[in-house]
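The structure appears right after this line, and notes come after that.
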Amino acid sequence: MTKKEEKKRLHIEVLRQMITLSTSGFGLVAALAWNNTIQEFFKTYLNAWLPQGGTFFSMLIYATIVTVFAVLITYQLTMILRHLEESH
């Protein structure tokens, strides 16, 4: 590999890492915003259906739903990445 190719590869890798970091940062901000919104939804609507002290159960349901979504989305994104890598 020539110096020029190495330099180009380094630039691409740095750019890839910058994209990963910025995407992660914005993803965290979005996740926190959705976290607050969904928690408020559960407090407002689900706790009305649960007996007194139902906060634990609503949080358990919330955590389960968020975990399932996180796994499904991560799996789908991994499959997309694998497909793109195989096509190049």
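Under a 3.5 Å cut-off, the side chain of Ser22 and the backbone N or O of Ile19 do form a donor-acceptor pair. Under a 3.5 Å cut-off, the side chain of Ser87 and the backbone N or O of Leu84 do form a donor-acceptor pair.
Atom CE of Met79 is surrounded by more than 12 heavy atoms from other residues, nucleotides or ligands within 6.0 Å.
The distance from the CG atom of Asn35 to the CG atom of Leu28 is 10.0 Å, given to the nearest 0.5 Å. Note that CG of Leu81 and CD of Glu86 are 9.5 Å apart. Values are rounded to the nearest 0.5 Å.
Glu13 has a carboxylate O that lies under 4.0 Å from a charged side-chain N of Arg16, or vice versa, which qualifies the two as a salt bridge.
Applying side-chain contact (heavy atoms from CB on, under 4.5 Å) to Thr74 and the options Thr78, Val71, Leu72 leaves one that passes, Thr78.
In terms of hydrophobic clustering, with Ile, Leu, Val, Met, Phe, Trp and Tyr side chains grouped at heavy-atom distances under 4.5 Å, Tyr62 and Tyr45 are assigned to a common cluster.
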